[in-house]
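Both counts, for ligands and for their atoms, begin at 1 and track the order of listing.
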Amino acid sequence: MTNYHLSPSRFREEGKKIIDWIADYYEHIEKYPVLSQVEPGSIQAALPIAPPQKGESFDSMLNDLNEIILPGITHWQSPNFFAYFPSNASFPSILGDLVSSGLGVQGMIWATSPAATELETRMLDWLVEMMDMPEKFKSTSTGGGVIQDTASTSALTALIAARERATKFESNKSGVRQKLVAYISTQTHSSLEKAVKIAGIGSENLRLIEVDELFAMKPELLERQIQMDRNDGFLPFFVCATIGTTSSNAMDPVREIGEICRRENCWLHVDAAMAGTAMLCPEFRYLKDGVELADSYTFNPHKWMFTNFDCDVFWVANRKELIHTFSILPEYLRNKASETGEVFDYRDWHIQLGRRFRSLKLWFVIRHYGVEGLQFHVRKHVQIAQNFAQWVKHDADFELVLNPPLNLVCFRHKSNNDFNMRLMHAVHNSGKAFFTHTKLNNQVVLRLCVAQTHTEEDHVEKTWKLIQQTAQNLKNQDRPEKLS
Ligand SMILES: *Cc1c(COP(=O)(O)O)cnc(C)c1O
């Protein structure tokens with residue numbers, strides 16, 4: 001019987017070539033410019049306008065991967081990638097993800113693959129232990145964890161659950177919805193503002209609380225704003241505190257904010273998207289002080305914990321509120337296991353129905369590295385970043401903008417904003433390293449985040465020399481020619 005499918009034996013053959021291709025990519029990754037240098041539209045220009053009528057060979061696909069796609073890649077997995085926050089990866093994670101693709105299961109409810117649900121539950125319970133998080137985040141207690149696609153989705157999920165709790169799960173009826181007010185700081189991630197829009201709270205009901213000189217939310221201003229809003233007839237219901245803001249890795253005072261939330265009956269969501277991974281190491285856990293006051297907490301193993309995108313951990317203190325918010329039961333999903341209440345149906349823990357088997361890659365990562373291995377690499381990243389901060393401090397032309405709490409260093413050349421932008425772009429154009437910028441108090445600040453899986457001190461040292469040399473060259477260019 002003829003068909004067009006790839007046979008298992010051909011899959012074996014082609015699959016091995018692809019694994020080799022990925023291994024080669026990692027072995028030679030440093031030869032590519034870290035930031036893709038292509039012009040807009042150039043990848044499209046190299047792709048055929050029309051799809052193929054007849055199937056093509058894997059060899060021709062691999063060839064085009066090299067010729068067309070690779071030049072359009074910004075190499076997030078390069079050890080010289082220091083931009084934004086990372087999205088690191090590892091071979092165990094890639095293999096776990098491959099198995100997930102291979103199984104191709106839909107883990108929307110327990111019955112559609114019990115292992116998909118139960119492995120996920122156990123992994124997120126493991127992480128509670130590994131990070132010394134509050135016991136109530138465990139599935140064996142009142143809470144539990146679920147893997148979401150992104151921290152943005154976790155924020156939205158938390159916000160909607162908070163809205164439902166505040167309106168006694170009748171937000172569509174009660175008319176109080178217009179009165180709900182949410183609180184973040186001026187440094188909180190943009191995903192919260194987006195969540196407020198999507199959840200129907202409205203941007204006008206989002207309060208941006210000012211920050212202190214370390215860019216952390218000022219709790220006394222939060223409290224004052226809540227009082228003012230109450231006096232004006234609003235209903236404060238949600239606060240987001242951040243452990244490690246995206247701009248400068250600022251640490252909000254979770255305990256003080258949490259105590260205000262308790263008093264004011266507000267849902268506390270803690271966003272630790274990148275910095276959360278540091279909680280693997282006991283010496284960094286002071287940064288999560290007060291987290292037992294949180295109603296929900298999120299961090300991204302897909303940022304710093306060697307787990308391929310996407311993998312976001314979302315814990316809640318009280319799963320009943322979450323499930324009450326998101327559960328809807330159509331007839332075609334009714335089944336015995338769900339009805340006994342003995343199992344988790346993760347579709348009731350988030351927005352979408354269908355879900356991938358993402359805990360497999362987490363399982364592979366945790367088992368390959370062990371807690372010790374993960375701690376080792378996180379500590380190494382932090383140490384390298386701290387060393388970099390010292391080098392910056394000791395160069396008279398540069399300044400350290402903040403003492404880095406972890407692995408993100410905010411620094412700048414002492415000349416003006418324009419010079420710093422030119423310096424950054426010159427390094428980008430060299431292709432040798434990639435870091436990005438932010439603005440703090442209207443000053444351009446350069447950000448170097450050490451969190452790529454394969455970054456060693458040597459990479460950062462070379463990058464620092466490149467930055468120094470590039471700054472020197474720019475200064476020389478700017479100097480008016482001496483008349484002789
Ligand atoms: C990166 C980041 C996010 C968004 O992460 P996604 O998983 O891409 O949605 C949210 N909050 C903070 C603090 C971040 O750094």
Side-chain angles (χ1 to χ4, degrees), residues 74 76 81-89 93 127 145-160 182-199 206 208-209 211 214-217 238-254 257 268-279 284 287-288 291 294 296-315 350-352 355-356 358 361-362 381 385 402 404-410 435-438 440 445 447-452:
T74 289
W76 283 73
F81 183 100
F82 309 107
Y84 315 108
F85 275 163
S87 189
N88 73 13
S93 169
L127 282 166
V146 60
I147 298 178
Q148 306 266 5
D149 53 7
T150 60
S152 306
T153 302
S154 282
L156 176 60
T157 308
L159 190 79
I160 293 173
Y183 303 82
I184 62 176
S185 89
T186 57
Q187 301 294 308
T188 305
H189 192 262
S190 56
S191 55
L192 270 294
E193 195 177 337
K194 201 169 181 177
V196 160
K197 274 192 181 178
I198 297 170
L206 178 67
L208 271 55
I209 306 300
V211 294
L214 295 177
F215 303 97
M217 189 193 285
F238 177 91
V239 180
C240 176
T242 306
I243 298 178
T245 60
T246 318
S247 190
S248 67
N249 229 7
M251 304 289 169
D252 286 340
V254 177
I257 294 171
L268 174 63
H269 176 64
V270 176
D271 177 0
M274 187 202 59
T277 292
M279 305 314 152
F284 303 131
L287 295 170
K288 68 170 176 67
V291 83
S296 56
Y297 180 102
T298 193
F299 89 101
N300 284 339
H302 72 225
K303 273 186 170 161
W304 192 12
M305 218 184 89
F306 314 104
T307 308
N308 287 60
F309 189 87
D310 51 350
C311 185
D312 165 80
V313 166
F314 180 63
W315 280 305
H350 53 43
I351 293 163
Q352 83 279 11
R355 56 199 329 271
R356 302 199 310 126
R358 281 176 296 210
K361 59 189 169 191
L362 213 41
H381 285 154
L402 291 161
L406 293 167
N407 59 335
L408 174 74
V409 183
C410 292
F435 55 86
T436 48
H437 78 287
T438 188
L440 297 170
V445 170
R447 300 164 72 263
L448 186 133
C449 189
V450 183
Q452 213 298 314

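- The heavy-atom pair separating A241 from I257 by the smallest distance is CB-CD1, 4.0 Å.
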Please report the C-alpha distance between T188 and D271 in whole Å, then the side-chain angles of each, then the deciding distance to 0.1 Å, and finally whether the side chain to side chain contact (heavy atoms under 4.5 Å, CB included) criterion is met.
CA-CA 9 Å; T188 305; D271 177 0; 5.5 Å; no

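- Of all atoms in ligand 1, numbered sequentially from 1 with element shown, those under 4.0 Å from a heavy atom of K303 are 1 (C), 2 (C), 3 (C), 4 (C), 5 (O), 14 (C), 15 (O).
- Side-chain atoms of D149 do not come within 3.5 Å of backbone N or O of D310 as any donor-acceptor pair.
- The side chain to side chain contact (heavy atoms under 4.5 Å, CB included) search around S247 returns Q187, T438, L440, not counting sequence neighbours.
- Listed by number with element, the atoms of ligand 1 under 4.0 angstrom from any heavy atom of H302 are 7 (O).
- Neither the backbone nor the side chain of M274 has any atom closer than 4.0 Å to an atom of ligand 1 (non-hydrogen atoms only).
- Without hydrogens or angle criteria, N88 side chain to A451 main chain gives a donor-acceptor distance under 3.5 Å.
- Residue contact check for ligand 1: G244 places a non-hydrogen atom closer than 4.0 Å to it.
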Show me the donor-acceptor pairs within less than 3.5 Å that the side chains of residues 296-305 make with the rest of the protein, sequence neighbours left out.
unit_1 : atom_1 : unit_2 : atom_2 : d
S296   : OG     : W267   : NE1    : 2.9
S296   : OG     : H269   : ND1    : 2.8
T298   : OG1    : S154   : OG     : 3.3
T298   : OG1    : D312   : OD1    : 2.6
T298   : OG1    : D312   : OD2    : 3.2
T298   : OG1    : V313   : O      : 2.8
N300   : ND2    : H302   : NE2    : 3.2
H302   : ND1    : C311   : N      : 2.9
H302   : ND1    : C311   : O      : 3.3
W304   : NE1    : H381   : ND1    : 2.9

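- Residue-ligand proximity, H189 to ligand 1, at heavy-atom distances under 4.0 Å covers atoms 2 (C), 3 (C), 4 (C), 10 (C), 11 (N), 12 (C), 14 (C).
- When the heavy-atom distances from atom 5 (O) of ligand 1 to T150, T246, L408, N300 are ranked, the shortest goes to N300.
- Given atom 7 (O) of ligand 1, the protein heavy atom at minimum distance is A151 N, 2.8 Å.
- Under the 3.5 Å distance criterion, the side-chain polar atoms of K361 are matched with a main-chain donor or acceptor of N308.
- Some N or O of S152 is nearer than 3.5 Å to an N or O of ligand 1, by distance alone.
- At a 4.0 Å cut-off, at least one heavy atom of D271 sits close enough to ligand 1 to count as contact.
- Heavy-atom contacts of F85 reach the following atoms of ligand 1: 15 (O) (cutoff under 4.0 Å).
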